[in-house]
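Numbering starts at 1 and runs along the sequence shown.
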Amino acid sequence: MRFSPAALALSLVLATVSSVSYSQSADVEIKQRSIEYMGLGEKAQKTGNFELATDFYETALAVDPRNGSAFIALAQISRVQGLPGKAIRLYREALILDPNNLDALAGQGEALVQRGAVEKAKLNLSRIETLCRTKCAQNDQLASVITKSEKAPVMSAAAVTPKPKVGDEKPETETP
């Protein structure tokens, strides 16, 4: 009789825990609808319709926010459109889901170079080298982008002086 309340509580806990494990889906699986929207987005991106592709990728994320591939695809579109800051943020979201995603690390590194943060891109390159024991495509791709950026001449604002256009000059007015 003394153990009846404890046994009853324990059985209730075990029944609750076991029923919860059967009702939930696995956390590692991406929902099928999200994958279908990703496919539609890839088709639109290949045809050059970036606006439609962005809509499909965002819908894929709305269906399943754990779809890191959608973040990477959106970041690639942002880089093509000349928005490296937005691309860096989207790659960061993909890296939160999977910190060892080589495509996200390489893409973020390229966006950092596009933004002018070459030293931060080198950190991504060293991380890729650590994760890839042998040579991999992401390593070679990011290394070549960094090398090209280092060869490009750096100009300061003082080196370029704007020249006034003809007709921009204001006529002098006489004051009485």
* **Residue pairs, two or more places apart or on separate chains, that pass disulfide bond (SG atoms under 2.5 Å apart) and touch residues 51-140** => Cys132-Cys136
* What's the spacing between Gln138 CD and Glu110 CD if we round to 0.5 Å? -> 10.0 Å
* Structure fact -> In short, Pro65 meets Phe71 closest at the heavy-atom pair O-CE1, 3.7 Å
* **ILVMFWY cluster, Leu102 and Val145 together (side-chain gap under 4.5 Å)** => yes
Show me the donor-acceptor pairs within less than 3.5 Å that the side chains of residues 41-52 make with the rest of the protein, sequence neighbours left out.
residue : atom : partner : partner atom : Å
Gln45   : OE1  : Tyr57   : OH           : 2.7
Thr47   : OG1  : Ala44   : O            : 2.8
Asn49   : OD1  : Leu52   : N            : 3.3

* Structure fact -> Residues pairing under disulfide bond (SG atoms under 2.5 Å apart) where one sits in residues 45-97, two or more places apart or in two chains, turn out to be none
List, one per line, each side-chain donor-acceptor pair under 3.5 Å for residues 90-101, sequence neighbours excluded.
residue : atom : partner : partner atom : Å
Tyr91   : OH   : Arg79   : NH1          : 3.0
Asp98   : OD1  : Asn100  : N            : 3.3
Asn100  : OD1  : Arg127  : NH2          : 3.0
Asn101  : OD1  : Asp103  : N            : 3.0
Asn101  : OD1  : Ala104  : N            : 3.3

* Structure fact -> Heavy atoms of Ala143 and Thr147 approach each other most closely as O-OG1, 2.8 Å
* **Spatial distance of atom OG1 (Thr59) from atom CG (Leu40) [nearest 0.5 Å]** => 9.5 Å
* Could you check if a side-chain atom of Ile146 sits within less than 4.5 angstrom of a side-chain atom of Val113, using non-hydrogen atoms only? => yes
* Between atom CD1 of Ile128 and atom CG of Leu142, what is the distance when rounded to the nearest 0.5 Å? -> 5.0 Å
* **Side-chain (Arg66) to main-chain (Glu29) donor-acceptor, under 3.5 angstrom** => yes
* Tell me, which pairs form a disulfide bond (SG atoms under 2.5 Å apart) where one or both residues lie in residues 65-124, sequence neighbours left out? -> none
* Asked: Which atom pair, heavy atoms only, marks the closest approach of Ile88 to Ala111?
  -> CG1-CB, 3.6 Å
* To do: Begin with the C-alpha distance, continue with both residues' side-chain angles, and end with the deciding distance and a verdict on side chain to side chain contact (heavy atoms under 4.5 Å, CB included) for Leu125 and Leu105.
  => CA-CA 8 Å; Leu125 180 62; Leu105 284 168; over 6 Å; no
* **Summary of side-chain hydrogen bond (donor to acceptor under 3.5 Å, both in side chains) pairs that have at least one residue in residues 111-124, sequence neighbours excluded** => Gln108-Asn124, Lys122-Glu150
